[in-house]
Novice: 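Below are the structure tokens for one structure; questions will follow.
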Amino acid sequence: MHDSRLLSDQLDSLRTQLGTRGKDVPWDTIHTLSEQRRNLIRQVEDLRHQLKQGSDRIGQLKRNKEPADDQMAVLRQVREQIQSMELELRAVEEPLREHALSIPNLPHQTVPKGSHEGDNEEIRRWGDLPHFSFTPRTHFDLGEALGILDFPKATKISGARFSVGIGMGAQLERALANFMLDLHVQEHGYTEVLPPVLVNRASMTGTGQLPKFEDDAFHVPTEDFFLIPTAEVPVTNLYRDDILDTNQLPIRYVAHTPCFRREAGSYGKDTQGLIRVHQFQKVELVNFVHPEQSYDELERLTKAAETILQKLKLPYRVMALCTGDLGFSAAKTYDLEVWLPSQQHYREISSCSNFEGFQARRANIRFRTKGEKPQFLHTLNGSGLAIGRTVVAILENYQQADGSVTIPQVLQPYLHGAVSIGPSKT
RNA sequence: GGAGAGGUGGCCGAGUGGCCGAAGGCACCGGUUUGCUAAACCGGCGUAGGGUCAAACCUACCGAGGGUUCGAAUCCCUCCCUCUCCGCCA
């Protein structure tokens, strides 16, 4: 959400700056509603002023035991005017708010211009691509052959786009979660958080999932709860409606949670394996920072996520998303893409974004420097990393000619010293 | 799920129809005093919207929403949340 002053005073400039990102925004409607709102507020407040003063006078008359019936009759009229005008005001404010919430964030000036994924800019690459003396297999092929991933069983107990990890398939995810959490906590200064994975409507609105993307989330109608699509939602909302003190910043939180996504509209894409499933685990990094520090923090956050890939020795590249590929709430995003041998392609495994004040204004998260007015802080988050996709990358990059998979060295301590995954007996 | 109690400013806490945006205390900030610290004293101290060059000023907010009334923190209704006891349960 944008600053309300910006929406009333500088709507045209916002429209120009957003360019094609704002093509679905009803600019003229917003302009009209905004004008109407301002006029109505002025009138309503004026009437309320009359009512208030008149009532005070009646109070005095009554105390002096003087008659006040005439006054009361006049004020009854005033009250009725206020009531009808408030209805008008509400009829203006509700759609105005809905529309305002549907305006995407403004990209930072360093974001490459472009209309689609192909215009994203490669920032750097890391690692050597693996060479195989055989045709590398897909992760689902390997996983099923090794007996550590079972997709038919997942379909039986839940449906399409679910997975079951068995034996090393389950343990590998657990090891990865612990490895990532430990690294971020011990070396990157993050504090671990274990949040609820069911959240209310206000939280989903605060981080930008609602109202526009309600179809993407799983909903529990009996309680009006939503299953979180990412830990970003509960963790960012920890400070919804709060005013922090400057010296509390920066706040850096890491959370390991399951994530739930309906994947509506992605029919036919990545239908096999772990790449795109309804439920997956992710370690998420969430930062609350002073506005002046948010771009330094974006670099720091991205490096923290990259460290995981480097320690796992998985080749990847860093992409700066172009204006056309940027998410709704983000001002700037770096995607980390890991190499997948079976696809001969880099695939997204982490997305690190600076939201500037966009989420903070929606979620009303502010900070105060002593003696100054509260102001909105900046929020950032990034995956560090998506665990399911990390499993995909490990299986594919570490596969051997005999169908076994070597375990990355840094994970071995988390797996009781196991060095490789071979075919299981059961 | 059943029964009861309660939600007031950063915190504690008074306030049951007007003189209440809200006493008092704590915390915090500025000042006076004091050999230092402490104490004492004086003053300041919420958020948002409108308005203004800026101010003055105006409006709203006592869990949320609605109602009664000339006037609501206070009365009525609905909802949410917290706490206590019982039941159930990892």
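When reading the values below, keep in mind they use all heavy atoms of this one structure, side chains included, and skip hydrogens, waters and symmetry mates. Note on naming: letters A, B, ... go to the chains in the order of the sequence lines (proteins, then strands), and numbering restarts at 1 for each one.
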Novice: 5'-most contact on RNA chain B: A/Q50 or A/D56, nearest heavy atom basis?
Specialist: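 Upstream on the strand: A/D56.
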Novice: So, does A/H49 get its side chain near the phosphate of B/U59, meaning an N or O under 4.0 Å from OP1 or OP2?
Specialist: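 Affirmative; the distance criterion is met.
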Novice: Please give the distance between the P atoms of B/G21 and B/U78 as a whole number of Å.
Specialist: 29 Å
Novice: Does B/C53 have a Watson-Crick or wobble mate here (both distances under 3.5 Å), and if so which one?
Specialist: none
Novice: Rounding to an integer number of angstrom, what distance separates B/G13 and B/G31 when you compare their P atoms?
Specialist: 33 Å
Novice: Within this structure, what is the CG-to-C1' distance between A/D46 and B/G49, rounded to whole angstrom?
Specialist: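 So the CG-C1' distance, A/D46 to B/G49, works out to 15 Å.
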Novice: Between atom CG in A/L40 and atom P in B/A60, what is the gap in whole Å?
Specialist: 17 Å
Novice: What interatomic distance, in whole Å, is found between P of B/A14 and the corresponding atom of B/A23?
Specialist: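 Looking at atom P only, B/A23 and B/A14 are 14 Å apart.
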Novice: Rounded to the nearest Å, what distance is computed from the CD atom of residue A/Q36 to the P atom of nucleotide B/G50?
Specialist: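 Roughly 16 Å, once rounded to whole Å.
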Novice: Is B/A72 paired to anything, Watson-Crick or G-U wobble with both distances less than 3.5 Å, and if yes, which nucleotide?
Specialist: none
Novice: May I ask which nucleotide in the shown strands pairs with B/C41, Watson-Crick or G-U wobble, both distances under 3.5 Å?
Specialist: B/G31
Novice: Partner of B/G87 by Watson-Crick or G-U wobble geometry, both contacts under 3.5 Å, or none?
Specialist: none
Novice: In whole Å, measure the gap between the P atoms of B/G49 and B/A55 for me.
Specialist: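 Between the two P atoms, the distance is 14 Å.
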Novice: Check whether any side-chain N or O of A/R366 sits under 4.0 Å from OP1 or OP2 of B/A48, and answer yes or no.
Specialist: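 It does, given that an N or O in the side chain of A/R366 lies less than 4.0 Å from OP1 or OP2 of B/A48.
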Novice: Strictly below 4.0 Å: does A/R37 bring a side-chain N or O up to OP1 or OP2 of B/G50?
Specialist: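 Yes, A/R37 has a side-chain N/O under 4.0 Å of OP1/OP2 on B/G50.
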Novice: Expressed in angstrom and rounded to an integer, what is the separation of A/Q83 atom CD from B/U69 atom C1'?
Specialist: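 A/Q83 atom CD is separated from B/U69 atom C1' by 11 Å.
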Novice: Nearest whole angstrom, please: distance from the C1' of B/C45 to the CD1 of A/I243.
Specialist: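 Going from A/I243 (CD1) to B/C45 (C1'), I get 14 Å.
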Novice: I want to verify a distance call: between B/U59, B/G51, B/G18, whose nearest atom is closest to the A/R42 side chain?
Specialist: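 Side chain of A/R42 sits closest to B/G51.
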Novice: When we call it a touch if two heavy atoms are under 4.0 Å apart, what does A/I58 touch: a base, just sugar-phosphate, or nothing?
Specialist: base
Novice: For A/Q17 and A/S13, which I'm curious about, is there any donor-acceptor pair between the side chains at under 3.5 Å?
Specialist: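 Result is yes, a qualifying pair exists.
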Novice: Between B/C19 and B/G10, how far apart are the two C1' atoms, rounded to whole Å?
Specialist: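 Here B/C19 and B/G10 have their C1' atoms 29 Å from each other.
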Novice: Distance check, P atoms only: B/C20 and B/A73, in whole angstrom units.
Specialist: 13 Å
Novice: B/C62 pairs with which nucleotide, Watson-Crick or G-U wobble, both distances below 3.5 Å?
Specialist: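 For B/C62, the partner nucleotide comes out as none, under the 3.5 Å rule.
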Novice: In the strands shown, is B/A5 matched to any nucleotide by a Watson-Crick or G-U wobble pair with both distances under 3.5 Å, and which?
Specialist: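 For B/A5, the partner nucleotide comes out as B/U82, under the 3.5 Å rule.
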Novice: Once rounded to the nearest 0.5 Å, what's the spacing between atom CG of A/L101 and atom CG of A/L210?
Specialist: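 One finds 10.0 Å between CG of A/L101 and CG of A/L210.
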Novice: Assess the side chains of A/E121 and A/Y334: does a donor N or O sit below 3.5 Å from an acceptor N or O?
Specialist: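 A/Y334 and A/E121 do not have a side-chain donor-acceptor pair below 3.5 Å.
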Novice: Nearest to the side chain of A/K52 - B/U59, B/U47, B/C70?
Specialist: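 Given the options B/U59, B/U47, B/C70, the side chain of A/K52 is closest to B/U59.
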Novice: Does any donor-acceptor pair link the side chain of A/E45 with the base of B/G49 at a separation under 3.5 Å?
Specialist: yes
Novice: What is the separation between atom CG on A/L51 and atom C1' on B/U68, rounded to the nearest whole Å?
Specialist: 14 Å
Novice: Does B/G17 have OP1 or OP2 sitting under 4.0 Å from an N or O in the side chain of A/K62?
Specialist: no
Novice: Using a 4.0 Å heavy-atom cut-off across all strands, classify A/R90 as base, sugar-phosphate, or nothing.
Specialist: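 Result for A/R90 = sugar-phosphate.
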Novice: Distance check needed: B/G18 P versus A/R63 CZ, whole Å only.
Specialist: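 Result: 9 Å.
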Novice: Drop me the distance from A/L314's CG to A/E306's CD, to the nearest 0.5 angstrom.
Specialist: 13.0 Å
Novice: Does any part of the side chain of A/F226, heavy atoms only, come nearer than 4.5 Å to the side chain of A/V233, both counted from C-beta?
Specialist: no
Novice: Tell me which of A/Q71 and A/I41 sits closer to the 5' end of RNA chain B, going by the nucleotide each one is nearest to.
Specialist: A/I41
Novice: Could you pull out the closest heavy-atom pair between A/N354 and A/S294, with the gap in Å?
Specialist: ND2-OG, 3.0 Å
Novice: With rounding to whole Å, what would you report as the distance between B/A22 and B/C81 at their C1' atoms?
Specialist: 24 Å
Novice: Tell me which nucleotide among B/G46, B/C70, B/A48 gets nearest to the side chain of A/R76.
Specialist: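 That would be B/C70.
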Novice: Please report, to 0.1 Å, the donor-acceptor pairs under 3.5 Å made by any side chain of residues 91-99 of chain A, with sequence neighbours excluded.
Specialist:
from  : atom 1 : to    : atom 2 : distance (Å)
A/E93 : OE2    : A/R37 : NE     : 3.1
A/H99 : ND1    : A/P95 : O      : 3.0

Novice: What is the distance, to the nearest angstrom, from the CZ atom on A/R48 to the P atom on B/C61?
Specialist: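 That distance rounds to 7 Å.
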Novice: Taking only the C1' atom of each, what is the distance from B/G46 to B/C42 in whole angstrom?
Specialist: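 The same atom, C1', in both gives a distance of 22 Å.
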Novice: Identify the nucleotide, in any strand shown, that forms a Watson-Crick or G-U wobble pair with B/C26, with both distances under 3.5 Å; if there is none, say none.
Specialist: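 In the structure as shown, B/C26 has B/G10 as its Watson-Crick or wobble partner.
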Novice: OP1, OP2 of B/G49 versus side-chain N and O of A/R38: anything below 4.0 Å?
Specialist: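 No, because none of the side-chain N or O atoms of A/R38 sits under 4.0 Å from OP1 or OP2 of B/G49.
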Novice: Have A/R240 and A/S203 got a donor and an acceptor in their side chains that come within less than 3.5 Å?
Specialist: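 Short answer, yes.
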